[in-house]
Each structure stands twice: as C-alpha cells, then as structure tokens.
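Both backbone and side-chain heavy atoms feed into the values below; hydrogens, waters and symmetry mates do not. Everything numeric in this text was worked out from a predicted model, so none of it was measured. Chain letters run A, B, ... following the sequence lines, proteins first, then strands; residues in each count from 1.
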Amino acid sequence: MSGRFDPSTADRRWQARWEEERSFAADSASNKPKTYVLEMFPYPSGRIHMGHVRNYTMGDVIARYRRMQGHEVLHPMGWDAFGMPAENAAMERKVHPGEWTRANINTMRDQLKRLGFALDWDRELATCDPSYYGHEQALFLDLFDAGLVYRKESEVNWDPVDMTVLANEQVIDGKGWRSGAPVERRKLAQWFLKITDFADDLLEALKKLDQWPEKVRVMQENWIGRSQGLQFRFELANSPPQIDGIEVFTTRPDTIFGSSFIAVAPDHPLALAAAETDPKAAAFIDECRSGGTSAAEIETAEKKGYRTPVEAVHPLDPEWRLPVYIANFVLMEYGTGAIFGVPGHDQRDFEFARQYHLPIKRVVAASTEVASEPIGDEAESMAGVAVNSRFLDGMTTEQATAEIIRRAEEAGWGHGTVQYRLRDWGVSRQRYWGTPIPIIHCPSCGAVPVPRDQLPVVLPDDIEFDKPGNPLDRHLTWKHVRCPSCGGLATRETDTLDTFVDSSWYFIRFASQPADKPFDRAEAETWLPVAQYIGGVEHAILHLLYARFWTRALQRLGELGVAEPFKGLFTQGMVTHETYRAGDGSWLSPDEVKRDGDDWVHIESGHPVTSGRVEKMSKSKRNTIDPEPILASYGADAVRWFMLSDSPPERDLEWSEGGIEGASRFVQRVWRLVNGNLEGASEDEALKRKLHRTVAAVGEAVDDLQFNKAVAQLYELVTAIEKAQPSATRAEAVRALILLIAPMAPHLAEESWALLGGGGLIANAPWPSFDPALLLDEQVTLAVQVNGKLRDTVTAPRGLDRAAAEALALASDKVQRQLAGASPRKVIVVPDRLVNIVA
RNA sequence: GCGGACGUGGCGGAACGGUAGACGCUGGGGACUUAAAAUCCUCUUCCCGUAAGGGAGUGCGGGUUCAAAUCCCGCCGUCCGCACCA
C-alpha cells in the first residue's frame, strides 16, 4: 500500500473494526486502574457543530491516551434530549417532539461515529427515554422523602413568549435567556429543591477542587455569595398595625452608630401596608416596579425613596429615632428586604443621603486622631477603627463587629448570621417535553408522591401543540387520576422538571445503569468522580452547581459515597470564524464570499463585502462551518488534528482553510514516512535522543491538556525522522511516532500500525516509554553573554565545570571584541546553560 | 462598581528568572514537471548594512537582578463573568 492515505475508505474500515471488537466498552469489573473521561453531553439540536468536534476530540485524546497507559476507561456519550427546541419544532413543523428529537439523535450519533471517537456506545442514553427519566422521578421522590423538595407559592419569572417559568439564572438583563422577551412577574405554586441547604458545603468544597479552573471556582463562589453579619430588629413607632418591627441584615454591624435612615424594598410588607392607606406610597411603589433591570438602567438609576411616617427606634439608644423610607435600590430577594443606611461608609447609602439631605456621619476612620474629619465625595467602605461610636471607639472594625453581635445576642435584639445570594432551585416548568414531576394533587390529601411501583410516569404521546401553554394541562385522560392515598378524584402535576435536573445525574447513570434502579452504588463508585470533565464555560455556574448539589444530596441520603462529581474540569474555548457583511448589512456565510486581493467580494454578485471581527460560530452571524463536508473531504484525522493544533485548548480556535489544509498535509507526511524506507541496522544516536525527548514531552503535554504543545512536538519529530538517514533507530522512531499520534489521529495510526505489522489494534497497544538518561544531550550549546546580552554560543560537553566553561567563553572572538582588552569583573556560570561575563 | 483572564512577528501561538519568536499558517525565492497539482529545499520580528556585523525589540513607565516576556510597583488597553447583594 502506498500513495496517499485515503480517509474515505480507511476511516470507516477502522470504525467498523472498533465497533465489532467493542474496543471501547468499559468493564466496571476490570482490575485495571479506572479513569472516567466525560464531555458534556450534547443537546440533539440537529447536527454536530464545530464546538462539539473540538470538545469531543479533546476528551477522546485523553480517553485513548489513558487506555494506552493501561487504564480501564469509561468514555460514554448520550443526549440531553428534553428541552424547548423540540417543542418549537413541533409547533412549527407539526412533528412530535420525540420524533424530531430521535431523528436528530440518529443523525448526530452517525456524525460522531464518523469522527472515530472512542466512545462506549453500549452505555448511550437519552434523557427523554422513560428508562432514564423514570429513574430520575425515583430520585426526585427520594429527595422529596428526605425533605429536600418543597412546594411554595412564589413570584416567578414568567416568559410570555415561551409561556413558561424561568429560573433566576435563566433571566438575563430582565429578558428570557431563550426568547429574549421581557420577563413578567407571576405568582405560581412551584416545586423547589433545597440547594441552599448545601450552600456552605458547596462553597467550602470549591477550595478543594484544585483541578478546576480558577475562573469557574470564583464564578461559583460569587454565585453562592456568602456574607457574614448581623441580623437585627428595629422596634417601630407610628407603624401600620399589622407591622411590629423591621428586620435588617448588615455585614457591618460596627457602623451601627453611623446609621441615619432605614430603607425597605418596594415589595416589603411594611411598604405594602403603607400603600394601603397612603396613595402616594402606592404610586411610588408602582414607579419602582416599572423601572427596568438592565445593566445600563441600574447604573444610571437614581437612588429614590419615599419617606413614610414610620420611625424606627435605634436598638442601642431608645431616644434615637430613624426615618423609614421605601427605596428603589433595596431588594426584597436579598437578606430581609430592609437595610439600615450608613451614608458615611456605604456608597449607595451615601448617594441616598445626599438626595434626601440625611446626616452623613463618620464612624470609621484610619485612626482615632482623624475622627472629626468629614466624609468627602465618596463613602469610605474600608475597615479601620471605630470613632464617634460611644463604647466602640478605638476598636478595630473586626473587634467592633464582634462586640455589637455579642451585645445584640445578649440583649436579644439580633444575632450573628450568614446570608447567601444563592436561592433555592425552582424546578417546575410549564412544558410538555420534560420529565413529568411524579406527584398527584388530591383535594383531600394534598400533594401525594406517585407510588414507586407506578413509575415511570410516562409522557403521553397523543398531544397537540396548536395552542400555546402546556399540552399536558389539556390532556384530560392523562391529567385526571385517582389519588394513590385515598382513592378519590385527583389530578397529576402537569409541570415537568427543569432540564438541568436531567443533566444533574446523567454522569452517574453512565457509570452504572441497572434496569430496576437509578444506579448501583458500588458500581458507580468504581468510576466516580469523573477524572476529567470537559465542556464549555457557559455551564460554569448552572449545570456544574446543580450537578454538585445533586451529588451531595445523594450522599446525604446515603445513596452514593461521592461528594464531588467532577475531580478535574476543563473549559475549552470556542471555535470562531471571521464574519462577513454585504453592503446592506446582511450577514454572509463563508461560502458566499471569496478573496479578491486584500478584499472580499460576494461570489454571486461581485459586490464588495466587509469582513468583520472573528466571533463564535453562530447561525445568526452565519459564520458557521459545517463539520460534515469538511469531514468528507479531509477525513476525521485531519479534522481532529486541526482541532488540537495551534490554539491552546482553553482559548478560542479560529477556523481557517489553511489550518485544515495544514492538518491534512501532516496526515499525508506521516503516511509517507510509514510507506518509506524503514530498512537499516545502524543506530542513530541523535534521532534516538530526539525520540525519547518527544515521548516525554508529548506525554507531559497531554497530561496537562496542552494539546497544541503535543502537536508541535510531533511536528518536530516528524521533521527529524524525515531528515534522518535510514537506520534501525529511524524505523523504531516511525513505529513510536505512530503510537504517539494514535490518540489524536486514530485511523491513520491503525492503518499505519497494520502496515508495520504492529499486531492487534493500536488502540490497545501500550503507550511508548522513554529512557530518562536519553533526555539530555551529550553536547550542549552554551549561551555566552556579555553584560547579560547574548554575544555568542559555544558547543561544550555536558557537565563541563565552571572554570572550563568560563575559559571557553572567554576564548570567543566576539567576547574579546566586546571586552576590548578590559578584564571581566565577574563571571556567572549556569552549568550547561550559559556564561555571563560582567565587564 | 466587584471579580477573573489576557496583552509576544503579517496571523495562531512557544519560551523551569538564563540563546525571545519553537511549531503551524501566510508570504518571498528556488528545485522537480511540457505544464499544473503534489512534494522537496530555502528565507521570512523590525531598523542600518552588499556582506561581516551592529542596533532596537515581548502594551506603557519605573524597580529588583549578573540576567526580566517571566518577579515587584504604577499606568493603559482588550475580553469574560457578576452586578443597587446591604
């Protein structure tokens, strides 16, 4: 066999072989060290895109590399198959969401197989399958029984276009994350999961996730948003009868004597009570609610308040009365929905106090000497020592904080506490295409769990999408059932679970999938935690936090002995492409334009085209490249190689024609080596060292997920082999090269391996080893510097002593010219590296 | 506003405090060919110089060091996340 490597036949041939031999089926009972490599499973939107290709190629390299290192590797794939696009398709094209989804899965599975990923297809799962979501319902009921699920009438974010409730996380700038429509507030009874029960655990454990990107840890930390402080109570004077006090939370109890007003949120019970008798208060509250919540609006929004007739009594001085305002900048959702204002030391309070001419008092200073210094143009929020604060004077911020909390607890008007930004997770969705919540509502028994032997609660297939809203709500025979508890007439919960629930445990089901329960604990624990999880940074908060919560909840229930699901996390960069616009501003796709010198023109019309910035591939900007035709013309290995080349994996990768061409060229170069002269009995010492260095470097790079560096190393090795004369070493180097590229370009590697008579599949071959003694050359190049500037390089035997190195350096003509007869004042020798002569 | 990441040739990017620009892409020159494709060789940070050689250079300004892209201080800029969180 010779000529060009032909991926169009080779790819399929090896893919069929792997499938036949079930090469990548993971054996849970294996004695080998176990490694679980997982990429975030895709939503079956229709076709694979370049982002998937990059993501799954990285995971595949790790999976294949670990296999070659003798690990039993679990590398599964499945489908995050519930969600709104399926319903949208159902409405637009009159197909059943399930039918649409399954067709997409078939297409995408086929595409993934053609990329040659080493996946265990035996464990494939789709979350829309009752054999998956039925177990999810069982787990939901486990959480329910453990008191981690509750139902609450609550104000929700209602998306008027998608006709569904959104989690806070799904509201971006006051708009629905998917529809982009402005979100409305509605009151609905919703199911919640008690993620806040785990807030501290989730926060604390972040510190130990040392194989996670710092960025993601910080994002989760901020999302959980832990604040420690004092919650305390103001008694009121002149208050509405139904309100008998205001609870406030502060992280700065030490500033309690700097307080000059109290402010409550427009939704606060006191504000609502005031509005009942005071039309002006009611009008003010309405005005606050109409205000936008976009970033720009918040930034420019003035601090506004409405002064109620109510007065608050300072807890440390019964004579001291503070005015009570309703204020637009106080949030009902955080803390107690009320604050005490300390204008001197909080910027928002400062702005508010200026607006309404309230006292701005200094109660914290750098030292007691500057206690009378007035506050300038800005609040001073930093710590210092307490001043003008009676018994606190002279204490540090820390001491004063502790002292106030102590007094409050002693006197009973407050207590030290912790507040979180994190809210409980609302999981109810008014959607058809999701996991039915296994609850039956009975007028006499209330919310009753569906008995376990009646699971799964299967979605009915005969539904209609001709009206907006949830079809389950209109499906009478599905909805109306008997109460499992009393046998009376009852109705099913027609809400389905947030799809983030589906993805909160799929990695456990991958590890173990018995038919009669969600997972087998012992089997799951042989694989978990996931050694390396790879996906987009867009899931840094929601998915990863929910999955962490779910795992911890199962641990608390005693169902799984794993606290953290993902030991290593890697967030890969996006695949980007230049954008193109026609004269009328419309976006053009890359295959509608061509280069004309330095400019771009529209192929069809010849009109000039402006090329815009390089951006994430997206349908709206039309700058996508479909992997399929690329795969057809270049083969899987070239595509995979390109995905790993050039850009560091955490950064964006710009798609380029040149890049894929280069990758394809590399595949052919390797093929030519394999088909070239591999005769020879002699040894090639230099090539041997190069080979061992490369084996070491590639392994190290892959261990660190620095695929671009591994690729560069392999290019160097290929060049070195090409230039070497035929020898036994050269033949050995070609054989090792094939092993080294096997995780990245597996089809080429198998084809080459077979040609070289490697025996068996290269997928099962051991990773090459290296001799550490061969990593260093006998001869080294010493840099010779004069005053830190490079002037010459000299070749020297490795391990040359200082005196000899110095002598060698000083013998250099160039050095002598620089010294111009002067004698060096000092000579620095770094063995085997450099000599620096200080003149 | 808070937090994070980053800033190196025409481009993507390499570089335990120790030869800046590995490797790839692009471009120039050449070989092979009737020709092209493919392939191979060679050059490609900038400036001066035919060359030998010299000078400058990792966003900007300082500092530490024999030696700084790398460490420290102060700026500037870009990207990302969160955001009236008490």
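Distance from the side chain of A/Asn836 is smallest for B/G18 among the nucleotides B/G18, B/G3, B/A86. The side chain of A/Thr781 sits closest to B/U19 out of B/A38, B/U19, B/C84. For A/Arg421, taking side-chain heavy atoms from C-beta onward, the closest of the listed nucleotides B/G13, B/A86, B/A83 is B/A83. Counting only heavy atoms from C-beta on, A/Asn328 has its side chain closest to B/C84 among B/C84, B/U19, B/A86. Comparing B/A56, B/C80, B/A86 by their nearest atom to the side chain of A/Lys789 picks out B/A56. With B/A86, B/C6, B/C66 as the candidates, the nucleotide lying closest to the side chain of A/Ile828 is B/C66. With B/G18, B/C85, B/G13 as the choices, the nucleotide that has an atom nearest any side-chain atom of A/Leu834 turns out to be B/G18.
Across all strands shown, the partner of B/A31 is B/U39, judged by Watson-Crick or G-U wobble contacts whose two distances both fall under 3.5 Å. In this entry B/C46 has B/G55 as its Watson-Crick or G-U wobble partner, both defining distances falling under 3.5 Å. Nucleotide B/G77 forms a pair with B/C6, judged by Watson-Crick or G-U wobble geometry with both contacts under 3.5 Å. B/C71: Watson-Crick or G-U partner is B/G63, with both key distances under 3.5 Å. Base-pair partner of B/A22: not found among the strands shown (Watson-Crick or G-U wobble, both distances under 3.5 Å).
As rounded to whole Å, 16 Å separates atom P of B/A52 from atom CG of A/Asp813. Distance A/Gln818 CD to B/G53 P: 12 Å, rounded to the nearest Å. Distance A/Gln706 CD to B/A14 C1': 11 Å, rounded to the nearest Å. Rounded to whole Å, atom P of B/C84 lies 14 Å from atom CD1 of A/Ile339. When the C1' atom of B/A86 is taken as reference, atom CZ of A/Phe329 falls 9 Å away, rounded to whole Å. One interatomic measurement links the two molecules: CE of A/Met219 to C1' of B/C79, which rounds to 13 Å at whole-angstrom precision. Counting to the nearest Å, the C1' atom of B/C16 and the CG atom of A/Leu776 are 13 Å from each other.
Checked by atom type, the side-chain pair A/Thr196/A/Asp424 shows a donor-acceptor distance below 3.5 Å.
A salt bridge is absent between A/Arg798 and A/Asp777; no separation between the charged side-chain nitrogens and carboxylate oxygens falls under 4.0 Å. Look at A/Asp377 and A/Arg354 and you find a salt bridge, because one of the NZ, NE, NH1 or NH2 atoms lies within 4.0 Å of a carboxylate O, short of that distance.
Looking at heavy-atom distances under 4.0 Å, A/Val827 makes no contact with the nucleic acid at all. As judged by a 4.0 angstrom heavy-atom cut-off over every strand, A/Lys723 is placed among residues touching the sugar-phosphate backbone only. Base engagement by A/Val830 is indicated by at least one non-hydrogen atom pair under 4.0 Å involving a base atom.
In terms of phosphate contacts, A/Arg791 brings a side-chain nitrogen or oxygen within less than 4.0 Å of OP1 or OP2 of B/G55. Between A/Arg833 and B/G17 there is no side-chain N or O to OP1 or OP2 distance below 4.0 Å. Within the structure, every side-chain polar atom (N or O) of A/Arg348 is placed at least 4.0 Å from both OP1 and OP2 of B/A86. A/Arg672 has a side-chain polar atom (N or O) that falls below the 4.0 Å cut-off from OP1 or OP2 of B/C40.
In terms of polar N and O atoms assigned as donor or acceptor, the side chain of A/Asn222 never comes within less than 3.5 Å of the base of B/C82 in a complementary pairing.
Nucleotides B/G28 and B/A5 place their P atoms 41 Å apart, quoted to the nearest Å. A distance of about 33 Å separates the P atoms of B/C48 and B/C16, rounded to the whole Å. Separating the P atom of B/G30 from that of B/A35 is a span of 14 Å, rounded to the nearest Å. B/U45 and B/G21 have their C1' atoms separated by 8 Å, given to the nearest Å. Distance noted for atom C1' between B/A14 and B/G24: 11 Å (whole Å). Separation of the C1' atoms belonging to B/U64 and B/G74 is 15 Å when rounded to the nearest angstrom. With C1' as the reference atom, B/A15 and B/C82 are 35 Å apart, rounded to whole Å. B/A37 sits 15 Å from B/C32 when the P atoms are compared, rounded to a whole Å.
Counting only residues at least two apart or in different chains, side chain to side chain donor-acceptor pair (under 3.5 Å) contacts with residues 702-713 of chain A comprise A/Tyr65-A/Asp703, A/Arg66-A/Asp703, A/Gln706-A/Lys709.
For A/Lys616, the side chain to side chain contact (heavy atoms under 4.5 Å, CB included) test picks out A/Met574, with sequence neighbours left out. Under the salt bridge (Lys or Arg N to Asp or Glu O under 4.0 Å) criterion, A/Lys304 pairs with A/Glu287, sequence neighbours left out.
At least one donor-acceptor pair under 3.5 Å links the side chain of A/Asp637 to the backbone N or O of A/Leu748. The main-chain N or O of A/His577 is found under 3.5 Å from a side-chain atom of A/Asn623 such that the two form a donor-acceptor pair.
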For nucleotides 20-27 of chain B, give me every protein contact, N/O to N/O, under 3.5 Å, one pair per line with atom names.
| residue | atom | partner | partner atom | Å |
| --- | --- | --- | --- | --- |
| B/A22 | O2' | A/Glu716 | OE2 | 2.8 |
| B/C25 | OP1 | A/Arg665 | NH2 | 2.6 |

Please tabulate the protein-to-nucleotide N/O contacts below 3.5 Å involving nucleotides 61-65 of chain B, giving atom names and distances.
none

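Heavy atoms only, all atoms of each residue included: A/Ala796 and A/Leu808 are closest at CB-CD2, 3.7 Å. The minimum heavy-atom distance linking A/Trp655 with A/Glu657 is given by the pair NE1-N, 4.3 Å.
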Indicate every side-chain donor-acceptor pair of residues 333-348 of chain A with a distance under 3.5 Å to a residue at least two apart or in another chain.
| residue | atom | partner | partner atom | Å |
| --- | --- | --- | --- | --- |
| A/Tyr334 | OH | A/Ser227 | OG | 3.1 |
| A/Thr336 | OG1 | A/Glu247 | O | 2.6 |
| A/Thr336 | OG1 | A/Ala338 | N | 3.4 |
| A/Thr336 | OG1 | A/Ala338 | O | 3.3 |
| A/His345 | ND1 | A/Glu380 | O | 2.8 |
| A/His345 | NE2 | A/Val363 | N | 3.0 |
| A/His345 | NE2 | A/Val364 | N | 3.2 |
| A/Asp346 | OD1 | A/Arg348 | N | 3.0 |
| A/Asp346 | OD1 | A/Arg348 | NE | 3.4 |
| A/Asp346 | OD1 | A/Asp349 | N | 3.1 |
| A/Asp346 | OD2 | A/Arg348 | NH2 | 2.8 |
| A/Gln347 | OE1 | A/Ala379 | N | 2.9 |
| A/Gln347 | NE2 | A/Glu351 | OE2 | 3.4 |

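Two rings, from A/Phe642 and A/Tyr634, have their centers 6.0 Å or more apart. The six-membered or imidazole ring of A/Tyr356 lies away from that of A/Phe261, with a centre-to-centre distance of 6.0 Å or more.
Checking A/Ser227 against A/Asn787, the closest nucleotide of RNA chain B that is more toward the 5' end is the one next to A/Asn787. Residues A/Pro648 and A/Leu331 each lie close to RNA chain B; by heavy-atom proximity, the contact nearer the 5' end of the strand is made by A/Pro648.
Its glycosidic angle being more than 90° from 0, B/G55 falls on the anti side.
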